[in-house]
Visitor: 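The structure follows.
Here is the naming used below: chain letters follow the sequence lines, and residue numbers restart at 1 for every chain.
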Amino acid sequence: MLEITVPVMEPLSGLRRTHSCGELTLEQVGREVTLMGWVHRRRDLGGLIFIDLRDRVGITQVVFNPQTDPVLHKKAGLLRGEFVVAVTGTVHKRPPGTENPQIGTGQVDVIARELRILNTAKPLPLQVSEDQEVDEALRMKYRYLDLRRAGMQSIMHLRHRVTQSVRKFFDQEGFWEVETPLLIKSTPEGARDYLVPSRTNPGRFFALPQSPQIFKQLLMVAGFERYFQIARCLRDEDLRADRQPEFTQIDVEMSFVEQEDVLTLMERLFASVFQECLDYTLPIPFPRLTYKEAMEKYGNDKPELRFGLPILDVSDGVRESEFSVFSDTLAKGGSVKGISLPGKGGLSRKDLDGLGKLAESMGAKGLLSYALTDEGPKSSILKYLSPSSQQKLQELAALKPGDLLLMIADETSRALDCLGKLRVELGRRFDLIPRGKFAFAWIVDFPLFHYNEDTRQLEPQHHPFTSPLQGDLDLLDKDPTRVRAAAYDLVLNGYEVGSGSIRIHQRPLQEKIFNLIGLSMEEAKEKFGFLMEAFEYGAPPHGGIAPGLDRIVMIMAGAETIREVIAFPKNQNANCLLTGAPVEVSEDQLKLLRIRVDQG
RNA sequence: GGGGUCGUCGUUCAGCGGUUUAGGACAUCUGCCUGUCACGCAGAAGAUCGAGGGUUCGAAUCCCUUCGGCCCCGCCA
């Protein structure tokens, strides 16, 4: 008898997989099958050996019996976690009482006739077969193992289905998928560019695209009319849980459309994608809020709309109060803003202090409360509030018995900002945010510009190719900060997941905007002359949007960070912990590019 | 650039100035086990407590510095 003591790696040599590990049912009983995959778990009972064989699809139990084939059984005893094997055997109905209802293939097992060990595996730095939390740095270093785990497989499969669903939708709608260049001209406005030196043009550099913006507009000038691209975008900026240096946009541009056309198309896109990929019916149309409404009701331009608790202006309720925080704030033109918390009037002093601390950490000077308890109104500033003030306050906040009103008095924008952050945290703490809900919304009527105090210069809120709203054109000269843009953001569960606009398609207006943001005619020509020239050869009116694929999939998957939905993400320092990139390069490489590194 | 937080066997977690020879679970190794399915049982090996410095009779534990991970501010047209 052949004595096997160490696993020998064997070739496939013609062996073909007949089934996946996820598809065997009672239907295949009696048939000989060949499965290939990884040893997920082994249960060596001394006699019988059970192997859970895993592939991308599922898990099938393979049985090795020492009585039917002692040599094979001995070989099976050498198997360890994550060995790669091919098994040929017969599908059997499991003996009664040994079925496993937890897996789809649990009615059957495969009695092995042949086992080939295609590769071995060392003991693992992280457990593929278990769903425990593992240090993220370790996951990144061994990302190929991390990606084997069920959770990551299902997320990456979801991502695949989303991109396929997006492609199908756009194809049906008559859009052409076009690839735009990765090596492009650097235009240092906005985010920092990743630069690529050109060996054939020493001393000159390409930039990697922050988005395909200009090229998709040129495609409209080219008469493509409807374009989309699953496009990689690159920005050399600092990272966040929802920001990676390279990320993917569903880039879209259309000719002969107005804002409404883009919005409704996107609503149909996401309704279709969510239905197909999650079997979730999105209510359309999505709610639309103006930028101003969003700021006033939710304190930011990407409101979390899975729950209510809008911010209220209660200034009128405390206008007559002699409490100096109120009077001073209002005298200086600030506001008193509040959030009404139904049923939370019974919170203890300690709870309220905790919320106060929280508000302070969010930039508030303090948090004031007013509660309607069983024993009547309760507030640390009760003595400053006359009965009529209280009456007014209760009306403004629609307070019912048992409710709590939290207030911040400050410069209006700061009060809104703090309450906006507080609102979301209150939603979390009091568990007001429904799980499994997807609340899309549009934010519209953004200002075209914002004023940068440091540079004393108007800057585009979106980008300089955004068209002003038709009705606000006359304000461009009079009061540019009041000009609204034909721009729109798509918001989902408190994340900005897309941003778009109707573009400028006429040279004179484009020149005017460049001028207003302080770009001289020379600079404008130097940077964007080719675009303005294109506008002179019959550019159609056009507009578009670019939803962020990573963020949307992250939210669909219920993941906490964008890294969870990217196969090989960077860490917070924009390093790849798996490959070690970025790395220093050799003197020879630099010489070829005529680059010297300042070791500073 | 700034603020916060974490770092203990391969993994995950406990220990947070002294009954610690740093403990459990999983993984690994050895033995037993023929219907297990997170198999079970018995045993073994495995950790200079991220690194460096300091305080102390005594430091995984307190302090400082530093490195690394994560979260946030700035930044992201």
Visitor: With a non-hydrogen cut-off below 4.0 angstrom, is A/E459 in contact with a base, only sugar-phosphate, or nothing?
Guide: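 Counting heavy atoms under 4.0 Å across all strands, no contact is made by A/E459.
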Visitor: Using a heavy-atom cut-off of under 4.0 Å over every strand shown, decide if A/E99 touches base, sugar-phosphate, or nothing.
Guide: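 The answer is base, as A/E99 lies within the cut-off (heavy atoms under 4.0 Å) of a base atom.
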Visitor: Write out all pairs satisfying side-chain hydrogen bond (donor to acceptor under 3.5 Å, both in side chains) with one or both partners inside residues 20-33 of chain A, taking only residues at least two apart or from two chains.
Guide: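 Found A/S20-A/E23, A/T25-A/Q28, A/E32-A/R113.
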Visitor: Between side-chain atoms of residues 354-363 of chain A and protein atoms elsewhere (two or more places apart, or another chain), which donor-acceptor pairs fall under 3.5 Å?
Guide:
| residue | atom | partner | partner atom | Å |
| --- | --- | --- | --- | --- |
| A/S361 | OG | A/L358 | O | 2.6 |

Visitor: Once you apply a heavy-atom cut-off of 4.0 Å, does A/N571 come out as touching a base, just sugar-phosphate, or nothing?
Guide: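 It contacts sugar-phosphate atoms only.
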Visitor: Judged by each residue's nearest nucleotide on RNA chain B, which is more toward the 5′ side, A/T561 or A/H462?
Guide: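 Looking at the nearest nucleotide for each, A/T561 comes out on the 5' side.
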Visitor: What is the distance, rounded to the nearest whole Å, between atom CD of A/Q572 and atom P of B/G1?
Guide: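 It is 13 Å, rounded to the nearest whole Å.
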Visitor: Could you tell me which residues satisfy salt bridge (charged side-chain N to carboxylate O under 4.0 Å, His left out) with A/D52, sequence neighbours excluded, listed by chain and number?
Guide: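 Result, salt bridge (charged side-chain N to carboxylate O under 4.0 Å, His left out) vs A/D52: A/R43.
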Visitor: At 4.0 Å (heavy atoms only), tell me whether A/R563 reaches a base, stays on the sugar-phosphate, or touches nothing.
Guide: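 Answer is sugar-phosphate: A/R563 comes under 4.0 Å of backbone atoms only.
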Visitor: With hydrogens left out and only the distance checked, is there a donor-acceptor pair under 3.5 Å joining A/R240's side chain and the base of B/G74?
Guide: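 Checked by distance alone, the answer is yes.
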Visitor: Expressed as a whole number of angstroms, how long is the span from A/H73:NE2 to B/C33:P?
Guide: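 Interatomic distance, NE2 of A/H73 to P of B/C33: 11 Å.
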Visitor: Anything under 3.5 Å between a protein N or O and an N or O of nucleotides 38-41 of chain B, put it in a table, one pair a line.
Guide:
| residue | atom | partner | partner atom | Å |
| --- | --- | --- | --- | --- |
| B/A38 | OP2 | A/Q102 | OE1 | 3.4 |
| B/C39 | OP2 | A/R41 | NE | 3.4 |
| B/C39 | OP2 | A/R43 | NH1 | 2.8 |
| B/C39 | N4 | A/D44 | O | 2.6 |

Visitor: Just the rounded figure in Å: distance from P of B/G74 to CD of A/E453.
Guide: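 So the two atoms are 15 Å apart, to the nearest Å.
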Visitor: When we call it a touch if two heavy atoms are under 4.0 Å apart, what does A/P95 touch: a base, just sugar-phosphate, or nothing?
Guide: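 Base contact.
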Visitor: Considering heavy-atom distances to RNA chain B, does A/D238 or A/G81 have its closest nucleotide positioned more toward the 5' end?
Guide: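 Counting from the 5' end, the first nearest nucleotide belongs to A/G81.
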Visitor: Below 3.5 Å between N/O atoms, which protein atoms pair up with nucleotides 2-11 of chain B? Just atom names and distances, please.
Guide:
| residue | atom | partner | partner atom | Å |
| --- | --- | --- | --- | --- |
| B/U11 | O2' | A/Q132 | NE2 | 3.0 |

Visitor: Look at all strands and tell whether A/R192 reaches a base, only sugar-phosphate, or nothing, counting heavy atoms closer than 4.0 Å.
Guide: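 It contacts sugar-phosphate atoms only.
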Visitor: Base, sugar-phosphate or nothing for A/D109? Non-hydrogen atoms, less than 4.0 Å.
Guide: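 Here A/D109 touches the bases of the nucleic acid.
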Visitor: List in chain and number order the residues that pass salt bridge (charged side-chain N to carboxylate O under 4.0 Å, His left out) with A/K292, two or more places apart in sequence or in another chain; answer none if no residue qualifies.
Guide: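 Applying salt bridge (charged side-chain N to carboxylate O under 4.0 Å, His left out) to A/K292 gives A/E296.
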Visitor: Answer yes if the ring centres of A/F446 and A/Y488 are under 6.0 angstrom apart, and no otherwise.
Guide: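 Centroid separation for A/F446 and A/Y488: 6.0 Å or greater.
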